[in-house]
Amino acid sequence: MQIDVVTIFPEYLAPLRAALLGKAIDKGLISVGVHDLRDWTQDVHKAVDDSPYGGGPGMVMKADIWGPALDDVCTDETRLIVPTPAGRPFTQAVAHEYAEESHLVFACGRYEGIDQRVVDDARRRVRVDEVSIGDYVLVGGEVAVLAIVEAVARLLPGVLGNPKSHAEDSFQDGLLEGPSYTRPLVWRDLEVPAVLRSGNHKMIDRWRRDQSLARTFERRPDLLESLPADAFDKHDRAL
Ligand SMILES: NC(=S)c1ccno1
């Protein structure tokens with residue numbers, strides 16, 4: 001997978017080359033290009049923004065800078081992703097969608113955002129997603145890109161040590177992951193649940209499912225409501 005990021009703060013994306021992602025890059029599973037938007041400016045001040053039409057606070061990033069940058073970075077295969085609080089939710093399901101792509105390009109907005117015509121024009125040539133990683137406002141899209149790239153890259157074959165890890169992911173079955181435990185058996189008078197030491201894997205699986213359902217019901221009941229009826233067995237329904 002080729003990932004390209006266009007930003008006015010390339011240094012923000014340095015973590016992409018660290019740890020797990022760094023190993024994925026070293027293995028050739030991912031290629032990452034980070035591009036400084038200011039390289040496409042023509043003026044001595046390298047201006048990338050201007051005042052908003054219609055007035056209002058803040059500045060808007062210029063279409064006549066972003067357009068040429070995306071023209072150069074995108075290809076016919078590109079899926080262009082624009083992190084924005086006004087985007088559709090970025091979810092584990094969307095991460096799986098992106099993991100199937102050959103070329104992801106991320107446009108990192110700053111200030112009050114990017115002139116809408118950039119997205120409208122790009123849609124004429126490539127698939128464009130305006131996505132949000134949560135209902136809050138960051139200073140720019142760079143942090144969102146780090147989160148999205150990590151969520152996507154870990155799904156790529158060969159990136160995670162154990163490919164079975166994905167099966168236990170939160171949201172994989174539409175539910176939140178339940179609690180996990182490891183040695184020591186007792187820590188600050190807190191003991192690991194006995195069922196996990198029973199060796200009875202049918203009971204363990206049932207307990208884990210119950211924990212997952214209970215946690216989801218308590219913290220994210222909306223996820224339960226969005227699951228089809230056949231996602232629950234008769235034991236689930238008895239809870
Ligand atoms: N919530 C998201 S994705 C965002 C991007 C910029 N600010 O917030």
Side-chain angles (χ1 to χ4, degrees), residues 1-18 20-21 30 32-38 40-41 46-63 65-67 69-70 73-74 78-101 103-123 126-156 169-171 176 219-220 222-223 226:
M1 176 186 285
Q2 174 68 32
I3 295 175
D4 287 288
V5 186
V6 183
T7 171
I8 59 172
F9 291 113
E11 63 275 18
Y12 235 109
L13 282 302
L16 284 181
R17 301 188 192 283
L20 172 100
L21 287 176
I30 305 173
V32 175
V34 179
H35 312 271
D36 186 340
L37 180 67
R38 294 191 196 277
W40 281 272
T41 58
K46 294 185 177 290
V48 294
D49 61 314
D50 202 338
S51 306
Y53 275 115
M59 304 289 271
V60 176
M61 300 187 93
K62 293 169 60 63
I65 306 297
W66 268 107
L70 295 179
V73 174
C74 294
T78 296
R79 189 153 184 184
L80 175 61
I81 301 162
V82 185
T84 168
R88 71 171 176 139
F90 174 72
T91 64
Q92 190 68 12
V94 177
H96 278 281
E97 274 184 46
Y98 291 174
E100 296 299 316
E101 297 288 344
H103 187 208
L104 300 179
V105 173
F106 291 90
C108 296
R110 288 251 146 188
Y111 315 116
E112 292 306 308
I114 302 172
D115 186 310
Q116 185 60 40
R117 291 171 292 181
V118 173
V119 164
D120 296 347
D121 171 63
R123 284 196 202 284
V126 297
R127 293 162 296 152
V128 183
D129 287 10
E130 295 177 90
V131 294
S132 173
I133 63 168
D135 292 339
Y136 41 81
V137 181
L138 302 166
V139 177
E142 287 82 3
V143 167
V145 170
L146 291 174
I148 293 170
V149 168
E150 180 163 311
V152 172
R154 66 183 292 279
L155 298 176
L156 300 178
D169 278 350
S170 276
F171 312 106
L176 299 184
R219 299 178 183 177
R220 290 292 306 278
D222 57 296
L223 294 178
S226 62

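This one's a predicted model, so the numbers in the text were calculated from it and none came from an experiment. Read the numbers this way: they start at 1 and go in the same order the structure lists the ligands and their atoms.
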So for ligand 1, is [X] a polar contact partner (N or O within less than 3.5 Å, distance only)?
X      : answer
Gly134 : yes
Thr84  : no
Leu138 : yes

Checking Glu97 now: which residues fulfil salt bridge (Lys or Arg N to Asp or Glu O under 4.0 Å) with it, not counting sequence neighbours?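 Result, salt bridge (Lys or Arg N to Asp or Glu O under 4.0 Å) vs Glu97: Arg79, Arg88.
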Non-neighbouring partners of Asp121 that pass salt bridge (Lys or Arg N to Asp or Glu O under 4.0 Å), sequence neighbours left out: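 Result, salt bridge (Lys or Arg N to Asp or Glu O under 4.0 Å) vs Asp121: Arg124, Arg125.
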Does a donor on one side chain and an acceptor on the other come within less than 3.5 Å for Thr7 and Glu142? yes
For [X], atoms of ligand 1 separated by under 4.0 Å from a heavy atom:
X      : result
Ile133 : 3 (S)
Gly140 : 6 (C)
Pro85  : 1 (N), 2 (C), 4 (C), 5 (C), 6 (C), 7 (N), 8 (O)

Pick one: which of Gln116, Arg123, Arg117 meets side chain to side chain donor-acceptor pair (under 3.5 Å) with Asp120? Gln116
Counting only heavy atoms not in Asp135, do more than 12 fall under 6.0 Å of its CG? no
